[in-house]
Amino acid sequence: MTTTSTDVSQLPPKQKGRWWRRWGEETFSAYLFLLPSLVIFITFTFFPAIYSMVVSLFRWNMPSKPFFVGFENYIYLFTDAIEAPLFWKSFLNTFYFALGVPINLVISLLIALLLNRRLAGVGIFRTTFFLPTITSMAAVSVVWLWLFHPADYGLFNSWLIAMGIPIQRWLRDPVLAMPCLIGMGVWHGMGYNIIIFLAGLQAVPTTYYEAAKIDGASPFALFRHITWPLLGPTLFYVLTVGMINSLKAFTEIDVMTQGGPLGSTTTLAYLLYQNAFQFFQMGKASAIAVLLFIMLLLLTWIQFRFVDRKVHYE
Amino acid sequence: MMKFKFSFIFILLITMLLSACGGGNETGGGGGSIDKEGNITLEFWYALGGDSGEAVKELVARFNESQTGITVIGTYQGDYTTAMAKVYSAITGDTVPNVAQLGGAPLLGTSGAILSMEEIMSADESFDPAVIRTAFWDYNTAGGEIWSMPFNNSVPILYYNKDLFSAAGVDPNSPPQNLDELLTIAQALTISSEASGGTTQWGLNTRPDTHWYLSTLILENGGQIVNEDETEMLYNSPEAVEMLQLWSDWVNTYKVMPINQHEEALTDFLAGKLGMLIGSTSMARSIKEQATFDVGAVMFPAVGDERQVPLGGGSLVIFKNGDQRLVDASWEFVKFMVSRDSSIFLTSQTGYIPIYADAMDWDEVAGLVAENPLRQAGFDSLPNTVSIPVFSALGNSDLALQKAVEQVELGAATPQEALDAAKTSVDHAIETQFSTE
């Protein structure tokens, strides 16, 4: 509200009156309308974020009094013989899990290209691909637990038996668990990306294609030189949002593997949850949260700095 | 000008909304309220869902009908972990209820948010603690003080599929009594088929809370979980390592138990793919209802002749409150919840075991066994119930033991290595996270 101190004499004569009138009723109203969401943002997002930075400097088992320890929690996470390996393993797992994002991107782009054609019954296909996305992750996870059942009567294992391949332990196998989660994540998230891509594809003017076709361009050249560059902003959006969501993934891990087996699916977000709500070590959990926040910040910055430049905006 | 007035009203509304959110508690610390006529309303949080949750609801309704002047409002707060997280948040935000039913309840003793159950009990002559088994009091003690009231308790038992026993040529009426018999029968029950790519029927498995079952084996073998000062874990002792080695042999040598398949154990058992399932008595009712085969239950197998079954389950705590009348009302409610009739009702609706020392002589309890014979195994276990000490890093310890079991089953560590690592990590947690120096 610093505008109140502005010297009245410097303002154009027609803006005489009380400060809110000078400021402009519309601007004022605009801020008023923004206020509710701003209040919610500050109370439930901004304040907790700052608060967790403060808590990360304390040793705090929720009901007891917090105890200031400086950077002890961070030092443990980086150097301690027990904590550090767990932290770095979760750090790597986080990026392993994020591999699902580019995989998802490629598959959903391919499907979007197919769905963008004028085919009979294309609406049915579009709905079918979108269905998993609107189903709750918790429900989906429970169903996939059944599909991934490690015994011979699990659905996937019964297919393997039919094909004469040895049965697999899927989510209960330290090597296979993460690929299983990624696979399910791709299936679940695909629909959303397809819709975004379809919107992007339909925004490409058909005149470009017509002109290129007259010049004798091949279908691949059409994609390479028209579709791909014009889809740039969409791709960039899908990549950024997908990355952030992947780093925050929690439900499927909690329902399907609880971070196991042998910690092979413990991502930073899950390590944070374990420390906060299973061990009630809020300081350590907050330290992980702060590190995750810094990682996200860096990643988003890199994406804007390097990827954004290559994106063509119309 | 109209537009401006509109925005003005808008901002006014927001301010009102915010001040309403930030409104303090008028009772001066603690939940519950008393109206002008002196009628008391208590808040009660509980952590039991399904059939058990329905039983708790019914008990609350019965209490409300049994007297005038006190109305209890029960709210389900999610499973033990979720409910405890909510209680911790409530303590931090000063919005605690009056009474709560929780797992690991005595841990709240150090928080300063709950009242000592021991003090409340000793002030009321009408309540005799001796009627309840000692182990149940141990289960509710932390730092030498009883902080909570035993309510719903369970012990590990062994469920078995009688049809599969018969098919394997094992007498369905002589289930395993000790570890040797357990292995012999498990081997008889395990069936492999090349066409199906391996084992199609397993002899033995446990539910996912493997720390509980491993702890039972360790205690029966003469080992201990934690030292008396509760500063150091003792489960890398030879007694403990021997038991985890045996567990490893079930999986990797005799191959009677599937590798790391505890999450699916109940499904496998109900599908008739698993002969014997180690799990909590609390499932006695649901297993009986869901099984499509003849199912039996027996006490957790002894090590030699030694039987020691550590209690699980939840307890009731009373939170501190600025108004003594609310505390007194809370105690009345707690007394009702653990009364003889309530205890029988809870047992009848669930698989929980009675907390009373002489419950086995009651006609009602005998009737419950007749109704569901699976209950017998839990009742038989009563004289052997013990309690694992409740210490600060119990949550870490449970997960560390589960991890050790997982490592050994998957061949990632030897039993000695796995238990050494578990001990080191929990000791470390006690030292670094739970000390306030």
Participant: Considering non-hydrogen atoms only, spot the tightest contact between B:T81 and A:F280 and give its length.
Facilitator: O-CZ, 4.3 Å
Participant: Minimum heavy-atom separation for A:A151 and B:Q261, please, with both atom names.
Facilitator: CB-NE2, 4.0 Å
Participant: For A:I40, is it the side chain, the backbone, both, or neither that has a heavy atom closer than 4.5 Å to a heavy atom of chain B?
Facilitator: neither
Participant: To the nearest 0.5 Å, what is the distance between OG (B:S425) and CG (A:D80)?
Facilitator: 10.5 Å
Participant: So A:Y153 and B:D268, side-chain contact (heavy atoms from CB on, under 4.5 Å) or not? Walk me through it.
Facilitator: CA-CA 10 Å; A:Y153 67 101; B:D268 290 348; 2.6 Å; yes
Participant: Quick check: do A:Q278 and B:D398 have side-chain heavy atoms less than 4.5 Å from each other?
Facilitator: no
Participant: Do other residues, nucleotides or ligands put more than 12 heavy atoms under 6.0 Å from the CZ atom of A:F68?
Facilitator: yes
Participant: For the atom pair CG (A:D173) and CG (B:N260), what is the distance rounded to the nearest 0.5 Å?
Facilitator: 9.0 Å
Participant: Provide the closest heavy-atom pair for A:F277 versus B:A85 in the form atom of the first, atom of the second, distance.
Facilitator: CD2-CB, 3.7 Å
Participant: Mind checking the CG-CD spacing from A:L171 to B:E264? Nearest 0.5 Å is all I need.
Facilitator: 8.0 Å
Participant: Kindly give the heavy-atom pair with the smallest separation between A:G263 and B:E406, and that separation in Å.
Facilitator: N-OE1, 4.4 Å
Participant: Report, as yes or no, whether the 6.0 Å neighbourhood of atom CZ on A:F95 holds more than 12 heavy atoms from other residues, nucleotides or ligands.
Facilitator: yes
Participant: Using heavy atoms and a sub-4.5 Å threshold, report which of residues 107-116 of chain B line up against chain A, by residue number.
Facilitator: B:S111
Participant: Quick check on A:I82 against chain B: is it the side chain, the backbone, both or neither that has a heavy atom closer than 4.5 Å?
Facilitator: side chain
Participant: Taking side chain as everything from C-beta outward and backbone as N, CA, C, O, which of these in B:T82 sits under 4.5 Å from a heavy atom of chain A? Side chain, backbone, both or neither.
Facilitator: neither
Participant: So how far is it from A:L262 CG to B:Q407 CD, rounded to the nearest 0.5 Å?
Facilitator: 6.0 Å
Participant: Is any side-chain heavy atom of B:S392 less than 4.5 Å from a side-chain heavy atom of A:N61?
Facilitator: no
Participant: If you count the non-hydrogen atoms of other residues, nucleotides and ligands that lie under 6.0 Å from CZ in B:F293, is the total more than 12?
Facilitator: yes
Participant: Could you state the interatomic distance from CG (B:L399) to CD (A:Q258), rounded to the nearest 0.5 Å?
Facilitator: 9.5 Å
Participant: State whether A:R172 and B:E263 are salt-bridged, where the test is any N-O pair (Lys NZ or Arg NE/NH1/NH2 against Asp/Glu carboxylate O) under 4.0 Å.
Facilitator: no
Participant: Within the structure provided, determine whether B:T92 and A:W60 are in side-chain contact (heavy-atom separation under 4.5 Å).
Facilitator: yes
Participant: Which bit of A:N157 is near chain B, if near means a heavy-atom gap under 4.5 Å: side chain, backbone, both or neither?
Facilitator: neither
Participant: Counting only heavy atoms not in A:F293 (residues, nucleotides, ligands), do more than 12 fall under 6.0 Å from its CZ?
Facilitator: no
Participant: What is the distance from atom CG of B:N396 to atom CD of A:Q281, rounded to the nearest 0.5 Å?
Facilitator: 5.0 Å
